[in-house]
Protein chains: 2
Amino acid sequence: MILTHYFPYIINRVAGELSSSESKVLAEFDLNLQAWRVLVALDEHDGQRVTDLSGVSLTEISTLSRLLDNMEERGLVEKRRARPNARSVTVHISATGRRVVEETIPEALRYQDTLLEDIDDKDLAITRQVLNQLYETALLHKW
Amino acid sequence: MILTHYFPYIINRVAGELSSSESKVLAEFDLNLQAWRVLVALDEHDGQRVTDLSGVSLTEISTLSRLLDNMEERGLVEKRRARPNARSVTVHISATGRRVVEETIPEALRYQDTLLEDIDDKDLAITRQVLNQLYETALLHKW
DNA sequence: TATTGTTATACTCTATAACTATA
DNA sequence: TATAGTTATAGAGTATAACAATA
């Protein structure tokens, strides 16, 4: 078997490169990839629970719990006991957090544009769809 | 911005799921993803240098150096001073290593087949090509 | 001095489980 | 007792740099 023909390998290889590039861009804003995903997710839909954010940020809940404390100390988010179900904690983005999102999203989009500029739109749409389908399949099976 | 429309996010999300599934399969053979990639790479082309293997296995060279020691202790590979350039160390797969590759590759291919069975062949070919192109672009820029 | 690899250290993220608060 | 989250601990990988061997 040739590794570069093996699909999971190909995906992991490019994912690693992209993560590393993204992280460098975000480091200028003192954010790691996970914190940025949390902010973007809250900017889009505020007041999500820790468990929800663990899902969207692709971060273990124990890691995320500490990360959120750190982000709260920095004034990016605020944690509140949820109502009516006070077993949950909801996380809320602050004005500072919104500002960081406003600054970083253009960078992210520029980065994405540079990355994708030579790719045919139709091919890109197909790739998106395949990747999403693979994700669903992987979740479904959970080998 | 919606995170699930952001291309680097989509790739990372599926890559994470695939790595985690693959790791579970390989755990039955007492291998992590990195060690398996090393074995498959050497099975295909034996006697590669540590630096080369760091590239194909997507592993930092300092991590890999220790991993290779561990694999050598387990009798999977052997390190030798290269000739004529003895600054390099070449890594050679053992008979045991070959056996592990023979056992694991069918598992990996079955896994890949399950993953890809519902995907149209043409779409898959396009996706492969796009992912490889993205990888090249990311390497080229190295933001 | 340059290249290749090893080792040491601190740091981050993960995995697991024990623990707390709420229902 | 079940759910949501926090905290503790150990382990795996990374990043960086100092170090050794070879050229």
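These figures come from a predicted structure and were not determined experimentally. Letters go in sequence order (proteins before strands), and every chain restarts at 1.
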Exercise. What are the residues of residues 49-61 of chain A, sorted by number, that bring a heavy atom to within less than 4.0 Å of DNA chain C?
Worked result: A:T59, A:E60

Problem set entry | Interatomic distance where CG belongs to B:N70 and P belongs to C:dT6 [whole Å] | 14 Å

Exercise. Can you tell me how far P of D:dG11 sits from CG of B:L33, to the nearest Å?
Worked result: 21 Å

Exercise. Considering all heavy atoms of both residues, which atom of A:V38 and which atom of A:L68 are nearest to each other, and what is their separation?
Worked result: CG1-CD2, 4.0 Å

Seminar exercise, completed: So, with a heavy-atom separation below 4.0 Å from DNA chain C, the residues of residues 84-92 of chain A are A:P84, A:N85, A:A86, A:R87

Problem set entry | Length of the CG-C1' vector between B:L64 and D:dA15, whole Å | 15 Å

For this session: Tell me whether the OP1 or OP2 atom of D:dG5 has a side-chain N or O from A:K79 closer than 4.0 Å.
Result: no

Seminar exercise, completed: Rounded to whole Å, CG of A:N32 lies from P of C:dC11 at a distance of 16 Å

Problem set entry | Residue whose closest nucleotide on DNA chain C lies nearer the 5' end, B:R81 versus A:A82 | B:R81

Exercise. Could you give the CZ-to-C1' distance, from A:R80 to D:dA4, as a whole number of Å?
Worked result: 18 Å

Exercise. Taking atom P of C:dT12 as reference, at what distance in whole Å does atom CE of A:M71 sit?
Worked result: 15 Å

Exercise. What is the distance from CG of A:D69 to P of D:dG5, rounded to the nearest Å?
Worked result: 13 Å

For this session: Ignoring backbone atoms, establish whether B:T63 has a side-chain N or O less than 4.0 Å from OP1 or OP2 of D:dT14.
Result: yes

For this session: Please assess B:R99 against B:E102 for the test salt bridge (charged side-chain N to carboxylate O under 4.0 Å, His left out), listing each intermediate value before the final yes or no.
Result: CA-CA 5 Å; B:R99 220 169 302 128; B:E102 274 167 38; over 6 Å; no

Exercise. Do B:K79 and B:D69 pass the salt bridge (charged side-chain N to carboxylate O under 4.0 Å, His left out) test, and can you show the C-alpha distance, the side-chain angles, and the key distance before you say yes or no?
Worked result: CA-CA 8 Å; B:K79 282 177 174 178; B:D69 287 344; 2.6 Å; yes

Seminar exercise, completed: Scanning both residues in full, the closest heavy-atom pair of B:L115 with A:P8 reads CD2-CG, 4.3 Å

Problem set entry | Pairs where residues 119-135 of chain B contributes a residue and the test side chain to side chain donor-acceptor pair (under 3.5 Å) is met, not counting sequence neighbours | A:R13-B:N132, B:Q129-B:Q133

Exercise. How many angstroms lie between atom CD1 of B:I10 and atom CG of A:L18, to the nearest 0.5 angstrom?
Worked result: 11.5 Å

Exercise. Between the side chains of B:S94 and B:H92, does any donor sit under 3.5 Å from an acceptor?
Worked result: no

Exercise. Would the A:W36 and B:Y6 ring centres measure less than 6.0 Å apart?
Worked result: yes

Seminar exercise, completed: Here the distance between atom C1' of D:dA8 and atom CZ of A:R66, to the nearest Å, is 8 Å

